[in-house]
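Report on the following structure.
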There are 2 protein chains.
Amino acid sequence: MRSERRDARRTAILEAAYAVLRAKGYRGATMAAVAEAASASKETLYSWFGDKQGLFRGLIEANAAQAQAALTAALAAAPDAVEASLVQFGEALLTLLTGERAVAINRIAAAEADRGAAFGMLLAASGRDSVMPRLAGLMADLELAGVVRLDDPADAADAYLGLLLGDLPVRRIIGVAPPPRKAAIAARAERAARLWLRLYAVTRP
Amino acid sequence: MRSERRDARRTAILEAAYAVLRAKGYRGATMAAVAEAASASKETLYSWFGDKQGLFRGLIEANAAQAQAALTAALAAAPDAVEASLVQFGEALLTLLTGERAVAINRIAAAEADRGAAFGMLLAASGRDSVMPRLAGLMADLELAGVVRLDDPADAADAYLGLLLGDLPVRRIIGVAPPPRKAAIAARAERAARLWLRLYAVTRP
DNA sequence: GGTCAACCGTACCGATGGGTACGGATTTGA
DNA sequence: TCAAATCCGTACCCATCGGTACGGTTGACC
């Protein structure tokens, strides 16, 4: 299959683009540097992706697909207790959002936010807009199980996100916080679930 | 006084720098554009601030002082109930963090996060590191008043920040959310205080 | 009123990076 | 094995931007 090799090459190029992006930032990620890292020519880059924005748009889309898969996997590993799935979901989401990839991509969107918010929109579409439905579903399950009562589901979801993330994503994007360790992520997810349940549980513990 | 005029000129230049920054972003904020907006010469800019980083470092520092003053004012307008001061503090903080100025500055730090985190550090020093003590003090007051019980004050403060901010700052920085209206800010601050009190109140309402 | 420093406007320089063009090599498909 | 398409490497063009130099002008201070 020719398309297989093409796809592999494409992801290899995007991987090289990400490597340069992570090391040098968006403005430092020159097309020449990406081409060299990918052992490709600039002309190939332009022919495949149109321009620099197109290249990194491709990177964002690829990452979005990856992130979706990770979240799906986290939810698929169905735990016995519904509450535990909230923790697992939180861990997966926190791992994604504070990871190097998401941070680097968020920095692109921040740097380009003035020149239209094209990157931001794309990121939001593949980020929040795909996360919230899953979170809503999870919470609906919890409500059906009689664990919690949610008068305003959107509000409750927002509260959970806040408790889970805090200002960590901003500090990551700004560059003042290192990526949290697995243990720290687990602790945060556990704490967020505990506090959130305390807020909305039907029977106050 | 000559220094008065110098100070006024300096703040005028920084104001012009901010205007250009807001309109064009950090990379688009060329020294020439700032000079023109300030009716100054590039040479003056370089002589006063050293280089581009120095200019925007000055902008960040000026903004930090302004923000500190706003928070102090919010806390100084001492309300009768200590709980109300939590709402006032939240409104002030939310107004600051989602405002155009803070967002533009955060975008600088995001764009320059790879090349060392100099801007990020500066921003954190004048931001979180100056906010948290005040929040801690506020919460200590609440505990002394017997309203809440905080086993882990740092944790409680983090939870409050999460409830207050949610992912709004990130969405602002990314450019996908407009600055919230006064009413929305008030609603968020009120909600954060309500939920936080529900979490930590001594007597569950 | 005269002197001196600061400042404005402009012009200039070197470097860099996005985007294009082209020749030679390599792979693809029959 | 041969023709066609693709791709790599390099070189090139052009615009932009950070930073510097300089001459004319203004304003402060004596």
Side-chain angles (χ1 to χ4, degrees), chain A residues 1-60 104 107-108 111-112 114-116 118-119, chain B residues 1-60 104 107-108 111-112 114-116 118-119:
Chain A
M1 280 291 185
R2 193 175 82 254
S3 67
E4 264 182 26
R5 295 194 74 81
R6 271 182 81 89
D7 281 4
R9 186 76 180 118
R10 191 187 145 93
T11 63
I13 290 179
L14 290 179
E15 205 58 31
Y18 165 66
V20 178
L21 171 69
R22 171 174 170 172
K24 307 269 189 181
Y26 184 63
R27 71 179 303 182
T30 76
M31 294 299 270
V34 173
E36 188 189 350
S39 292
S41 74
K42 283 174 63 179
E43 197 170 8
T44 301
L45 262 52
Y46 281 102
S47 133
W48 282 34
F49 297 97
D51 56 5
K52 188 178 179 180
Q53 289 210 4
L55 174 62
F56 286 95
R57 191 157 36 230
L59 177 60
I60 293 179
R107 283 179 188 156
I108 300 181
E112 299 285 292
D114 39 90
R115 183 76 183 145
F119 282 113
Chain B
M1 281 292 187
R2 195 176 78 254
S3 67
E4 264 182 26
R5 295 194 73 81
R6 272 184 79 90
D7 281 3
R9 186 75 180 117
R10 190 188 146 92
T11 62
I13 289 180
L14 289 179
E15 205 57 32
Y18 165 66
V20 178
L21 172 70
R22 171 174 171 172
K24 306 269 189 179
Y26 184 63
R27 71 178 305 182
T30 76
M31 296 298 270
V34 172
E36 188 189 352
S39 292
S41 73
K42 282 173 64 178
E43 198 168 8
T44 302
L45 262 50
Y46 281 102
S47 133
W48 282 34
F49 297 97
D51 56 5
K52 188 177 179 181
Q53 289 211 3
L55 173 62
F56 286 95
R57 192 157 36 232
L59 177 59
I60 293 179
R107 284 178 187 156
I108 300 181
E112 298 286 293
D114 39 273
R115 181 75 184 146
F119 282 113

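Letters A, B, ... are given to chains in the order of the sequence lines, protein chains preceding strands, and every chain is numbered from 1.
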Let me know the distance between [atom1] of [X] and [atom2] of [N], rounded to the nearest Å.
X: B/R6; N: C/dA5; atom1: CZ; atom2: C1'; value: 11 Å
X: B/K52; N: D/dT16; atom1: NZ; atom2: C1'; value: 11 Å
X: B/Q53; N: D/dG19; atom1: CD; atom2: C1'; value: 14 Å
X: A/L45; N: C/dG18; atom1: CG; atom2: P; value: 11 Å
X: B/F49; N: D/dG18; atom1: CZ; atom2: P; value: 15 Å
X: A/R9; N: C/dT26; atom1: CZ; atom2: P; value: 15 Å

Closest heavy-atom pair and its distance - A/D114, B/G25: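 What the structure gives for the nearest pair is OD2-CA, 3.3 Å.
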Closest approach of A/L45 and A/L55, non-hydrogen atoms and distance?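 Shortest heavy-atom separation between A/L45 and A/L55 comes out as CD2-CD2, 4.5 Å.
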Phosphate contact (C/dC7 OP1 or OP2) by B/W48 side-chain N/O below 4.0 Å: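 The answer is yes; a side-chain N or O of B/W48 sits under 4.0 Å from OP1 or OP2.
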Please confirm whether the shortest side-chain N or O distance from B/T44 to OP1 or OP2 of C/dC7 is below 4.0 Å. no
Encode nucleotides 20-27 of chain D as B, S and - characters from 5' to 3', where the letter depends on protein heavy atoms closer than 4.0 Å: B to the base, S only to sugar-phosphate, - to neither. BBB-----
List in chain and number order the residues that pass salt bridge (Lys or Arg N to Asp or Glu O under 4.0 Å) with A/R27, two or more places apart in sequence or in another chain; answer none if no residue qualifies.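 Per chain and number, A/R27 pairs via salt bridge (Lys or Arg N to Asp or Glu O under 4.0 Å) with B/E112.
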Residues in salt bridge (Lys or Arg N to Asp or Glu O under 4.0 Å) with A/R22, at least two apart?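 A/R22 satisfies salt bridge (Lys or Arg N to Asp or Glu O under 4.0 Å) with A/E100 once adjacent residues are dropped.
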Cut-off 3.5 Å, no hydrogens considered: what does the side-chain donor-acceptor table look like for residues 28-41 of chain A, sequence neighbours left out?
{"from": "A/T30", "atom 1": "OG1", "to": "A/A32", "atom 2": "N", "distance (Å)": "3.4"}
{"from": "A/T30", "atom 1": "OG1", "to": "A/A33", "atom 2": "N", "distance (Å)": "2.9"}
{"from": "A/S41", "atom 1": "OG", "to": "A/E43", "atom 2": "N", "distance (Å)": "3.4"}
{"from": "A/S41", "atom 1": "OG", "to": "A/T44", "atom 2": "N", "distance (Å)": "3.1"}
{"from": "A/S41", "atom 1": "OG", "to": "A/T44", "atom 2": "OG1", "distance (Å)": "2.9"}

Straight-line distance of B/I108 CD1 to B/L21 CG, nearest 0.5 Å: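 So the CD1 of B/I108 and the CG of B/L21 are separated by 4.5 Å.
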Once side-chain contact (heavy atoms from CB on, under 4.5 Å) is applied, do any residues pair with B/A111, and if so which ones, sequence neighbours excluded? A/A111
Can you list, in residue-number order, the parts of residues 23-41 of chain A that come under 4.0 Å of DNA chain D, counting heavy atoms only? A/S39, A/A40, A/S41
Which pairs, with at least one residue in residues 11-20 of chain B and sequence neighbours excluded, count as a salt bridge (charged side-chain N to carboxylate O under 4.0 Å, His left out)?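 Sorted result for residues 11-20 of chain B: B/E15-B/R101.
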Write out all pairs satisfying ring-ring contact (aromatic ring centres under 6.0 Å, His included) with one or both partners inside residues 38-60 of chain A, taking only residues at least two apart or from two chains.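 For residues 38-60 of chain A, and leaving out neighbouring residues, the ring-ring contact (aromatic ring centres under 6.0 Å, His included) pairs sorted by first residue read A/Y26-A/F56.
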